[in-house]
Peer 1: 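Please find one structure pasted underneath; my questions will follow.
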Amino acid sequence: MEKSVMEDARNHTEVQEFTLEGFPGVQHPGKILFLVHLLAYLASIMGNILIITITWADHHLQTPMYFFLSSFSFSECCFITTVIPKLLAIFLVGRQSIYFAACLTQDFIFLFLGITVFFLMAILSLDRYLAICKPLYYPTIMNPRMCFLLVIACLALGFILMVVPVVMLSHSSFCGSHIISHFCNFGPLVYLSCSDTRFTEMLAFVLDLFILLTSLIITIITYSNIVITIVQLLSAKEKKKAFSTCSSHLIVLSLMYGSCVFIYMKPKQTKGLDSNREATLVNMVVTTLLNPVISTLQNKQVHWAVRDTLSRVRLKK
């Protein structure tokens with residue numbers, strides 16, 4: 001009896017650190033994965049930094065839309081940097097350990113910034129709605145102070161909505177396996193917990209549903225009004241310009257919503273962890289890489305701003 005109690009105590013020793021495996025089924029192509037993810041990471045960071053730099057350097061782009069896009073790009077840079085550098089180390093060196101507190105911190109920052117990005121996209125939808133449907137009121141409503149407050153509100157909502165489930169998860173017991181298949185995300189951590197996490201999972205599911213549905217409903221309502229307004233415009237040039245701006249935004253939204261619905265819209269977070277790994281990486285690496293290209297770099301205003309900036313640099317030399 002005494003022996004059994006001692007064994008049970010040993011089996012329930014709290015896990016102090018986790019092992020991040022990256023892709024447990026992939027062994028030999030680790031350096032290839034390292035190179036692919038490194039190039040995608042650098043391209044994404046450079047693209048987003050270019051957007052931020054050009055937006056602040058060129059006065060023609062100092063408008064509410066580009067302020068929100070630069071805030072979006074900054075959040076994307078932080079979002080991808082939360083995970084990719086550690087993942088690159090795994091591909092290059094092999095298995096990497098991460099302390100429990102650091103793992104939970106990574107999970108929280110990843111979720112917090114991910115939610116912030118969704119709310120920023122909803123704000124961008126509202127911005128386009130006001131610019132196209134309410135052009136006379138647009139400069140008054142979207143003044144610099146309001147733009148700043150809206151970005152702060154997105155950050156505050158992201159923090160508040162994610163701090164509760166992550167804190168609840170931090171009080172769970174982790175006494176079995178300590179291996180996480182890719183990086184510290186909510187689903188894998190719940191899977192490793194030996195506590196009853198049903199309430200935590202349900203809370204996370206309800207919050208995810210609220211976040212996705214809220215931003216989706218705002219987007220649907222605003223773009224429905226935008227389409228109606230665009231159809232009623234008399235000028236073909238105005239129609240083309242409005243559709244060009246909105247179509248790029250809608251493509252980014254489709255990529256984000258599609259991958260996130262697949263990953264997070266499950267009441268049971270532990271289901272489909274292997275498929276979630278690939279979908280999470282697609283959401284994190286591919287969409288973050290494509291966002292600068294789709295959102296801004298194909299925009300003629302940005303092309304002109306880049307040319308002007310390069311011209312000024314040459315003249316200074």
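What you see below is based on every heavy atom in this structure, not just the backbone, and it leaves out hydrogens, waters and symmetry mates.
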Peer 1: Suppose the criterion is side-chain hydrogen bond (donor to acceptor under 3.5 Å, both in side chains): which pairs have a residue in residues 78-92, not counting sequence neighbours?
Peer 2: Y41-T81
Peer 1: What are the two closest non-hydrogen atoms of Y223 and S125, and how far apart are they?
Peer 2: CE1-OG, 3.6 Å
Peer 1: Keeping the roles fixed (side chain from N48, backbone from S44), state whether a donor-acceptor pair exists under 3.5 Å.
Peer 2: yes
Peer 1: Taking a hydrophobic cluster as the set of Ile, Leu, Val, Met, Phe, Trp and Tyr residues connected by side-chain heavy atoms closer than 4.5 Å, whether directly or through intermediates, do L189 and F199 fall within one such cluster?
Peer 2: yes
Peer 1: Walk me through it: do L207 and V164 pass the test side-chain contact (heavy atoms from CB on, under 4.5 Å)?
Peer 2: CA-CA 10 Å; L207 290 174; V164 175; 5.6 Å; no
Peer 1: Under 4.5 Å between side-chain heavy atoms, hopping through other hydrophobics if needed: is there a path connecting L130 to Y137?
Peer 2: yes
Peer 1: Measure across C133 and T229 and return the closest heavy-atom pair with its distance rounded to 0.1 Å.
Peer 2: SG-OG1, 3.1 Å
Peer 1: Per the side-chain contact (heavy atoms from CB on, under 4.5 Å) rule, which among I52, T53, I54 passes with W56?
Peer 2: I52
Peer 1: For residues S224 and I220, report the shortest heavy-atom separation together with the two atoms involved.
Peer 2: OG-O, 2.6 Å
Peer 1: Following the transitive rule for hydrophobic clusters with a side-chain heavy-atom cut-off under 4.5 Å over Ile, Leu, Val, Met, Phe, Trp and Tyr, establish whether V163 and F118 coincide in one cluster.
Peer 2: yes
Peer 1: Per the side-chain hydrogen bond (donor to acceptor under 3.5 Å, both in side chains) rule, what does the pair list look like for residues 138-167, sequence neighbours excluded?
Peer 2: D127-Y138
Peer 1: Within this structure, what is the CG-SG distance for the pair L104 and C184, rounded to the nearest 0.5 Å?
Peer 2: 7.5 Å
Peer 1: Can you tell if the side chain of I84 reaches within under 4.5 Å of the side chain of L87, non-hydrogen atoms only?
Peer 2: yes
Peer 1: Got T55 and L69 here, is their nearest side-chain heavy-atom distance under 4.5 Å?
Peer 2: no
Peer 1: Distance-only, no hydrogens or angles: does the S193 side chain make a donor-acceptor pair with backbone N or O of V190 under 3.5 Å?
Peer 2: no
Peer 1: Answer yes or no: is there a side-chain heavy-atom contact under 4.5 Å between V166 and F112?
Peer 2: no
Peer 1: Check each of F110, F74, F72 against F79 using the ring pair (Phe, Tyr, Trp, His ring centres under 6.0 Å) test, and report the only one that passes.
Peer 2: F110
Peer 1: For C154, what residues pass the disulfide (SG to SG under 2.5 Å) criterion, not counting sequence neighbours?
Peer 2: none
Peer 1: List the atom of A122, the atom of I218, and the distance in Å for their closest heavy-atom pair.
Peer 2: O-CG2, 3.9 Å
Peer 1: Checking side-chain contact (heavy atoms from CB on, under 4.5 Å) for the pair K134/Y129: CA distance, chi angles, key distance, verdict?
Peer 2: CA-CA 7 Å; K134 308 286 182 183; Y129 164 75; 3.5 Å; yes
Peer 1: Does I211 offer a backbone N or O that forms a donor-acceptor pair with the side chain of T214 under 3.5 Å?
Peer 2: no
Peer 1: What's the shortest heavy-atom distance between M142 and P64, and which atoms?
Peer 2: O-CG, 3.4 Å
Peer 1: Between S195 (side chain) and S173 (backbone), is there a donor-acceptor pair under 3.5 Å?
Peer 2: yes
Peer 1: Is there a path of hydrophobic side-chain contacts, each under 4.5 Å between heavy atoms, that joins L38 and I49?
Peer 2: yes
